Amino acid sequence: GAVVSQHPSWVICKSGTSVKIECRSLDFQATTMFWYRQFPKQSLMLMATSNEGSKATYEQGVEKDKFLINHASLTLSTLTVTSAHPEDSSFYICSAAGYNEQFFGPGTRLTVL
Amino acid sequence: DQQVKQNSPSLSVQEGRISILNCDYTNSMFDYFLWYKKYPAEGPTFLISISSIKDKNEDGRFTVFLNKSAKHLSLHIVPSQPGDSAVYFCALRPSGSARQLTFGSGTQLTVLP
């Protein structure tokens, strides 16, 4: 399957700071990428759909001003958690859309103190 | 309202035996069905998929069955191996969507040596 990387793999930050997470599709061009969030022992919850060259589409209940998504190229999408608070602590996972499957990155563990 | 349900949060199976993971859905508009495997603190890994025009797809030890009339999807692993221990998610894609997936809540499979 395709390779998708995420950076950083984990990050600890202070409340009120912003954190940027990168998602890269390493071996194919992805016009569409997705950002998910997973709480412990729960399913993956889709946050937003990132489309190259256009604005992201956010799921209901996800604040677009808090979770900024940029998909500037066919191989890179970034998620910036702005003014992070402890309740934003979670496991964030991106995926790149293939023809039928999605290929997932390894995830980023965010801890906000 | 959950469109995709995995009613068993956990399953334990003896090594060498068959593991059967189940997934039920309510929306008839799903046309592509996938199974992902996930280890802790990692992104999901694609396992096997099936389109709505088929009722069975086999790949090595993994077989996916689709019963459209019952809106039921299952994954069979035989023989089960200790390395199969992980969380398994079913993921469904509605027809005509931008390749978005709706995930079940996951089943923790433990294969006992």
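Here the structure is a predicted model, which is why all the values come from computation and not from measurement. Chain letters run A, B, ... following the sequence lines, proteins first, then strands; residues in each count from 1.
- The hydrophobic cluster containing B:Leu34 does not contain B:Leu21, counting ILVMFWY residues as joined when their side-chain heavy atoms lie under 4.5 angstrom apart, directly or transitively.
- In this structure, chain B has heavy atoms under 4.5 Å from both the backbone and the side chain of A:Leu44.
- Here the straight-line distance linking atom CD of B:Gln100 with atom OG1 of A:Thr49 works out to 4.0 Å at 0.5 Å rounding.
- A single hydrophobic cluster is not seen to contain both B:Tyr88 and B:Tyr32; linkage of ILVMFWY side chains at heavy-atom distances under 4.5 Å, directly or through other members, places them apart.
- The part of B:Phe46 that comes within reach of chain A is its side chain, from C-beta onward, which places non-hydrogen atoms under 4.5 angstrom from that chain.
- Listed by sequence position, A:Phe91, A:Ile93 are the residues of residues 63-95 of chain A in contact with chain B, using a 4.5 angstrom heavy-atom cutoff.
- The hydrophobic clustering, which links ILVMFWY residues whose side-chain heavy atoms are closer than 4.5 Å, places B:Leu73 and B:Leu109 together.
- Only the side chain of A:Gln38 comes within contact range of chain B, with at least one heavy atom under 4.5 Å from a heavy atom of that chain.
- For an aromatic pair to be called close, the ring centres must be under 6.0 Å apart, and A:Phe104 with B:Phe103 satisfies this.
- In this structure, the side chain of A:Ser43 engages the main chain of B:Gly104 through a donor-acceptor pair within 3.5 Å.
- Other residues, nucleotides and ligands place more than 12 heavy atoms under 6.0 Å from the CZ atom of B:Arg61.
- Cluster annotation: B:Phe89 and B:Leu92 are assigned to distinct hydrophobic clusters (Ile/Leu/Val/Met/Phe/Trp/Tyr, side-chain heavy-atom contacts under 4.5 Å, transitive).
- Residue contact with chain A, scored on non-hydrogen atoms closer than 4.5 Å, is absent for B:Tyr39.
- Under a hydrophobic-cluster definition in which Ile, Leu, Val, Met, Phe, Trp and Tyr are linked whenever side-chain heavy atoms come within less than 4.5 Å, directly or via other members, A:Met45 and A:Tyr36 are assigned to different clusters.
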